[in-house]
Colleague: 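Before I ask anything, let me first share the structure, which is written out below as structure tokens.
Residue numbers start at 1 and run along the sequence shown. Keep in mind that the numbers below use all heavy atoms, side chains included, and drop hydrogens, waters and symmetry copies. Keep in mind that this is a model prediction, so the values were computed, not measured.
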Amino acid sequence: MNGSTPSLGRASGCLLAVLLLWGGVACEKAPDPAAPSVRAPADLLLTASAASIDAALAGATDYANRAMPGSGLSVTGAVESALQATPGILRDAQVSLFVLQRAGGKARLGIILPVKDGKALAAAAPPHLRVKLRGKWALVAEPETVAQAGDWALQTLAPAKRTFARNQLAVATVMPDALLSAHREDLMRGLASLRKVTAEKDSSTSTMDLLTEVATVTFDLLAQCERLELELSLGGGDGELTFALVPRARTAIAQFVKAQAPSDFALLTRVPMTGAAGIAGGQVVLGPAAATVWSWVERIAAQTSMAGLVPDFRRLTEQTTGDFAFAMSLAPTGMEMAGLYGVKSAPTATAALQAVADKFRTAGPKTTEIMGIKSRYEMMKDPPPTDGVRLHRLVTTYDYSGMPQAAATPPGFRPARTEMAWGAWDDVMGAATTSQIDKLVTASRSKGTLPAAFASFVDAARARKASALEIIDYGAILPAITGNVQAGSAPLALWLGFRGERATLGLSFPASSAAAIINATAAMQAAPPPSSL
């Protein structure tokens, strides 16, 4: 982790680093500003803008110093060197770039810079590039890129004065059509080659079949998108990266987005939270997109031992309200989980759960083997009630004798036996693993308190009208893994929101969490290994 902080500076100054490597070149004058608009290139892969060079430097330096005091110097050092080699540019105005890529071709970059002296920029450039000027803007790119996209870039991207929100440093837009055109065939060829190698070694091809279906579903999803948008914000000790998907009208994804609503995250207070290292909750419904989503699930599940259970799981999910909440903790025997789903009718959900249990007993996997670990599954007969509720219980036993040394885990994380229980009661359907089973029903019937490490993120999710949220506290995970390192609270959060026609996935990473992770990782590297290893 110690090497990650300087990379923030390199990322923030990437536009200038490119100029340092490329330099400037011969200078061409752009058409008259009154020239008619031109179309965007067909192979336009992405566009991006930064608020300004100085804003990017200030935000990245501030964040780096908060995460690792003094590390901001490494951020400014590399970028300032690039600036000194790039004369004639303005540091306090918007900077943009674009990327073109054809199928089978290399990615071609164009950078649009605000200039105070375009001739000075051109004079400092190497001969393999071109600098094309239009007013107070300069396009720096290879000759082919300038010829193909120069007029469009300087007429559209250069004068496009985007308003950046507070602490927002950079934004980018990705064109799914160009992304698919440029990379789909390459990825499928790679999967085909990997499949051939796997077959030649007489190994199972089920994993390859699964990867192929996942890739195909991903392509289907991208084809329904009009554009993808990325935004980076840094400042005041907070960091956030958001990824927004804008679907095409009348597609299944567009129907899914329109069906969503903000969540109050109330169910999160009803799951067992003692020692929680991570939580997730919210409300997500399939709505009119259900048929398409389940067709994707069926295609992927067909490559696994769970294929026969998909119809029963579908009938079960149709009984839920879309509300959900999970809490994850780490016990000496490994990860423990408890979860709740809102249901429309507990008796109907109970019948659907019974069908799933019966199908699992007759058609589900009996044994599996992954990386030498053999697992045996058995449904418990007549399990005892939990707080008056009869839960289905699945018992799994493990054999580690075939596990390769490279995959060795501490003996404390090798349980001989685990249980998973599930059932429906009151207004919920719940599931839990071994140590959480006896707490599940009782917790669901009362309102608890969220751990302090999570509460502020949940409040922020409510404020931004998010539909779902996941929080992982690295500080709670590390001691359980190492046994000898304390990290303090270090939460990171993922949130999912829907507004208008956009679905947005955000990652919140406070500098305080980054500092705790960096310090704990350094301590872990310096500490002796746990005695259990």
Colleague: Does the pair Asp427/Arg270 count as a salt bridge with the N-to-O cut at 4.0 Å?
Modeller: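 Between Arg270 and Asp427 there is a salt bridge, with a charged N closer than 4.0 Å to a carboxylate O.
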Colleague: Please determine which of Leu245, Leu228, Val246 meets the side-chain contact (heavy atoms from CB on, under 4.5 Å) test together with Pro176.
Modeller: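 Single pass found, and it is Leu228.
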Colleague: If I compare all heavy atoms of Gly237 with all of Asp62, which pair ends up nearest, and what's the gap?
Modeller: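 Closest pair (atom of Gly237, atom of Asp62, distance): N-OD2, 3.9 Å.
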Colleague: With a cut-off of 6.0 Å (strictly less than), are more than 12 heavy atoms of other residues, nucleotides or ligands near NZ of Lys374?
Modeller: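 Atom NZ in Lys374 is not crowded, with 12 or fewer foreign heavy atoms closer than 6.0 Å.
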Colleague: Is Gln224 close to Pro247 at the side-chain level, that is, under 4.5 Å between some pair of heavy atoms?
Modeller: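 Sidechains of Gln224 and Pro247: no contact.
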Colleague: Locate the shortest heavy-atom distance separating Ala107 from Val99; write the atom from each residue and the value.
Modeller: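 Answer, listing the atom of Ala107 first, then Val99: CB-CG1, 3.9 Å.
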Colleague: Does any donor atom in the side chain of Arg464 or Thr504 lie under 3.5 Å from an acceptor atom in the other side chain?
Modeller: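 Result is no, nothing qualifies.
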Colleague: Taking side chain as C-beta onward, heavy atoms only, is Leu286 less than 4.5 Å from Thr292?
Modeller: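 Sidechains of Thr292 and Leu286: no contact.
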Colleague: For a quick test of reading the model, state the closest non-hydrogen atom pair linking Tyr63 to Ala514 and the distance between them.
Modeller: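 Distance-wise, the nearest heavy atoms are OH-CB, 3.7 Å.
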Colleague: If I compare all heavy atoms of Thr321 with all of Lys344, which pair ends up nearest, and what's the gap?
Modeller: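 That closest heavy-atom pairing would be CG2-N, 4.0 Å.
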Colleague: Would you say Phe454 and Leu268 make side-chain contact, with heavy atoms under 4.5 Å?
Modeller: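 No, side chains not in contact.
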Colleague: For the residue pair Trp422 and His392, categorise the inter-ring angle as parallel (less than 30°), tilted (30 to 60°) or perpendicular (more than 60°).
Modeller: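 The arrangement is tilted - the two ring planes meet at 30° to 60°.
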Colleague: More than 12 heavy atoms of other residues, nucleotides or ligands under 6.0 Å from CD of Glu419: is that the case?
Modeller: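 Yes - once you tally the heavy atoms of other residues, nucleotides and ligands closer than 6.0 Å, there are more than 12.
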Colleague: Which heavy-atom pair separates Pro491 from Ile471 by the least distance, and what is that distance?
Modeller: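 Pro491 and Ile471 have their closest heavy atoms at CB-CG2, 4.0 Å.
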Colleague: Are Val171 and Glu229 side-chain neighbours, meaning at least one heavy-atom pair lies under 4.5 Å?
Modeller: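 No, every pair of side-chain atoms sits at 4.5 Å or beyond.
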Colleague: Any chance the side chains of Glu240 and Ser233 put a donor and an acceptor closer than 3.5 Å?
Modeller: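 Per modelled atom types, Glu240 and Ser233 side chains form no pair under 3.5 Å.
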Colleague: Mind telling me whether Phe324 and Tyr341 have parallel, tilted or perpendicular rings, with 30° and 60° as the class edges?
Modeller: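 Tyr341 vs Phe324 ring planes: tilted.
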Colleague: Using side-chain heavy atoms (C-beta onward) and a distance below 4.5 Å, is Trp495 in contact with Ser508?
Modeller: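 Yes, their side chains come closer than 4.5 Å.
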Colleague: Got a sec: does the CZ of Arg499 have more than 12 other heavy atoms crowding it under 6.0 Å?
Modeller: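 Not buried by this count: 12 neighbours or fewer within 6.0 Å.
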Colleague: Any side-chain heavy atom of Arg248 sitting closer than 4.5 Å to one from Ile253?
Modeller: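 Side-chain contact under 4.5 Å: no.
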Colleague: Please find the pair of heavy atoms, one from Leu469 and one from Phe457, that lie closest to each other, and give the distance.
Modeller: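 Closest approach of Leu469 to Phe457, heavy atoms only: CD2-O, 3.9 Å.
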Colleague: Between the side chains of Asp358 and Gln354, does any donor sit under 3.5 Å from an acceptor?
Modeller: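 Checked: Asp358/Gln354 side chains pair up, N/O donor to acceptor below 3.5 Å.
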Colleague: State, with a plain yes or no, whether a side-chain heavy atom of Ile472 is found less than 4.5 Å away from one of Leu492.
Modeller: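 Ile472 does not reach Leu492 side chain to side chain.
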Colleague: Taking the side chain as every heavy atom from C-beta outward, state whether Val389 and Leu440 have any atom pair closer than 4.5 Å.
Modeller: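 Val389 does not reach Leu440 side chain to side chain.
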